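So the structure is just underneath, and the comments pick up after that.
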Amino acid sequence: MMRKTSVILLSAATGAALTLFVTQPRAVFMGSSARAATADTYRQLNLFGDVFERVRSDYVEKPDDTKLIESAISGMLTGLDPHSSYMDAKSFRDMQVQTRGEFGGLGIEVTMEDGLIKVVSPIDDTPASRAGVMANDIITNLDDEAVQGLTLNQAVEKMRGPVNTKIKLKIIRKGQDNPIDVTLVRDNIRVRSVRARVEQDDIAYIRITTFNEQTTEGLKREVTNLSNQIGDKLKGYIIDLRNNPGGLLEEAVTVSDSFLEKGEIVSTRGRNAEETQRRTAHAGDLTKGKPVIVLVNGGSASASEIVAGALQDHKRATIVGTRSFGKGSVQTIIPLGSGNGALRLTTARYYTPSGKSIQAKGIVPDIEVLQDVPDELKARTDTKGEASLRGHLKNDGDEKTGSQSYVPPDAKDDKALKLAGDLLHGIKNSASAAPTPGGDTKATTDKPKAAN
């Protein structure tokens with residue numbers, strides 16, 4: 001969030017400086033080529049105005065002026081790269097909820113199945129869990145309105161709302177002859193972006209599903225809980241970033257910092273050299289130098305790649321799995337004023353501590369592990385990667401695309417997880433990158449589901 005604020009303030013300051021500058025007699029200092037370029041830009045803007053007026057006056061049905069403008073803005077941004085876009089006011093609010101990881105709701109993860117809403121799981125200590133909502137429950141009605149015909153996002157929006165407001169659910173549950181009516185009072189819900197468990201009695205397994213404002217706090221809590229639970233026999237940590245689509249840059253930095261004593265974590269470089277920013281670690285390894293294995297795959301993108309790249313370059317962790325997605329760009333959210341939404345604009349590329357850009361290349365694991373994929377899923381378990389996206393930012397050298405992103409639902413079938421456990425137990429080792437306590441100080445977004 002600091003990055004977002006600083007960019008917004010920088011943009012505002014730049015705009016003010018520009019305003020002051022253009023009030024001066026610029027024409028005296030402007031060369032002929034610059035004047036020609038400016039004139040051409042104004043001609044193009046006049047062309048846009050002419051097309052806009054022609055559509056307004058001659059289109060077969062009267063168009064909505066607001067939608068015309070929003071579509072024009074959206075087209076301009078999506079023509080830049082796959083990650084720049086325009087968000088209307090509602091999309092901007094939804095994005096803010098997602099990055100905060102906190103909202104008024106019921107506390108259930110849901111998915112769409114056969115046109116109905118199916119409960120994936122209730123979140124502990126929320127209105128849904130306290131009311132006895134169970135995994136695999138089918139929600140057929142919200143406040144007496146049938147959910148049939150609604151999209152998943154529309155249903156989630158209806159279930160979210162102001163804290164202390166009520167909503168009635170009609171639920172069909174396997175084994176029950178009649179539907180169940182449940183009235184819930186919405187509460188403040190925090191999305192769990194970090195989940196953890198003990199593996200093989202002496203390994204701390206931590207899965208990070210996204211990078212929102214709650215992630216670093218959740219990581220610290222789980223590290224403390226697991227270290228206390230396992231005690232002196234703790235062999236090390238497995239950090240699972242597979243199929244994590246990314247999120248906030250600031251959270252990627254603080255998560256990386258949790259495992260490092262010092263050194264660069266990531267650098268971001270914009271169009272101009274003076275926009276380069278370097279983020280460095282502070283003393284205090286949360287895991288006290290215990291070995292770390294990081295799991296990645298073709299679905300690990302953006303903030304996930306920042307963490308994996310930082311720990312790999314410092315030789316603080318062994319990276320296990322398949323090549324990551326390769327999204328090496330930073331998007332800044334720029335609000336456009338009350339009711340006008342915001343821009344999501346690509347403003348920089350990021351680089352790992354050793355100076356590598358992973359854009360359209362990805363993080364190459366120290367040890368590649370391919371999973372055994374069921375035949376019926378083989379056509380759907382590879383992620384094409386950033387390099388396959390139309391209009392993606394190019395990178396020097398050979399771009400790479402495509403990587404396996406399948407994670408077995410049963411841990412006993414998870415070959416990457418098993419290898420990570422073997423590495424921590426010393427059964428196998430990686431000559432290319434063994435975990436080094438303390439690190440090397442010389443180097444520096446399945447089926448769709450939603451929480452509500």
Side-chain angles (χ1 to χ4, degrees), residues 74-86 208-211 240-249 252 256 265-271 276 294-313 317 319-332 343-371 373 377-407 416 432-433 444-446 448:
S74 181
M76 175 173 59
L77 290 165
T78 55
L80 296 173
D81 69 87
H83 307 295
S84 294
S85 63
Y86 168 71
I208 301 177
T209 58
T210 189
F211 287 85
D240 193 345
L241 300 178
R242 292 175 295 182
N243 294 331
N244 180 324
L248 296 175
L249 172 63
S256 302
I265 294 171
V266 66
S267 63
T268 58
R269 307 177 195 177
R271 181 195 299 182
T276 298
V294 175
L295 304 183
V296 298
N297 66 5
S300 305
S302 193
S304 301
E305 296 172 294
I306 288 176
V307 174
L311 299 187
Q312 183 182 54
D313 280 5
I319 312 300
V320 172
T322 58
R323 180 190 300 274
S324 64
F325 187 85
K327 181 182 176 293
S329 61
V330 178
Q331 284 66 48
T332 300
L343 300 184
R344 179 192 282 112
L345 189 65
T346 300
T347 54
R349 298 172 187 255
Y350 71 76
Y351 294 79
T352 69
S354 63
K356 295 182 297 186
S357 168
I358 61 91
Q359 172 63 18
K361 292 184 177 180
I363 297 291
V364 179
D366 299 309
I367 306 174
E368 183 181 52
V369 177
L370 294 174
Q371 303 283 358
V373 183
L377 297 177
K378 283 183 178 178
R380 297 187 284 117
T381 57
D382 281 0
T383 300
K384 292 183 177 180
E386 178 80 8
S388 68
L389 299 180
R390 181 178 298 176
H392 70 273
L393 296 178
K394 300 298 182 181
N395 203 343
D396 296 333
D398 186 23
E399 295 184 346
K400 303 291 185 181
T401 184
S403 173
Q404 189 185 78
S405 58
Y406 176 72
V407 178
S432 60
T444 307
T445 134
D446 295 335

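In what follows, every heavy atom counts, from backbone to side chain, and hydrogens, waters and symmetry copies are set aside. Just so it is clear, the model here is predicted, and its values are computed rather than measured.
A heavy-atom distance below 4.5 Å is found between the side chains of Y86 and L343. Proximity of F211 to I306: side-chain heavy atoms (C-beta onward) are nowhere separated by under 4.5 Å. Considering only heavy atoms from C-beta on, L345 comes within 4.5 Å of L80 through its side chain. For the pair V407 and L295, the minimum side-chain heavy-atom distance is 4.5 Å or more. H83 is listed as a side-chain neighbour of L389, based on a closest heavy-atom distance under 4.5 Å. The shortest distance between side-chain heavy atoms of P365 and V320 does not fall below 4.5 Å.
Here the shortest heavy-atom pairing between T346 and Q331 reads OG1-NE2, 2.9 Å. The minimum heavy-atom distance linking A416 with V369 is given by the pair N-CG1, 3.6 Å. Across all their heavy atoms, S302 and Y350 have their closest contact at O-OH, 3.2 Å. Listed here is the closest heavy atom pair of A387 and A360: CB-O, 3.8 Å. Closest of all the heavy-atom pairs between S304 and G246 is OG-N, 4.2 Å. For V296 against A308, the heavy-atom pair with the smallest separation is CG1-CB, 4.0 Å.
In this structure, E305 CD and I358 CD1 are separated by 3.5 Å, a value rounded to the nearest 0.5 Å. With values rounded to the nearest 0.5 angstrom, T210 atom OG1 is found 11.0 Å from L241 atom CG. Distance CD1/I265 to OG1/T352: 12.5 Å, rounded to 0.5 Å. Atom CD1 in I363 sits 14.0 Å away from atom CZ in F325 (nearest 0.5 Å). The NZ atom of K361 sits 8.0 Å away from the CD atom of E399 when rounded to the nearest 0.5 Å. The NZ atom of K356 sits 4.5 Å away from the CG atom of D313 when rounded to the nearest 0.5 Å.
The backbone N or O of V294 lies less than 3.5 Å from no partner atom in the side chain of Q312, so there is not a single donor-acceptor pair. The backbone N or O of S300 sits nowhere less than 3.5 Å from a side-chain atom of N244 that would complete a donor-acceptor pair. Remark: side-chain polar atoms of N297 are paired, donor with acceptor, to backbone N or O of N243 under 3.5 angstrom.
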Go through the steps for T322 and Q404 under the test side chain to side chain donor-acceptor pair (under 3.5 Å), then give the verdict.
CA-CA 6 Å; T322 58; Q404 189 185 78; 5.6 Å; no
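Between E386 and the choices H392, Q359, K327, K400, the side-chain hydrogen bond (donor to acceptor under 3.5 Å, both in side chains) rule is met once, by Q359.
Taking the salt bridge (Lys or Arg N to Asp or Glu O under 4.0 Å) definition, one finds that D396 meets it with nothing, sequence neighbours left out.
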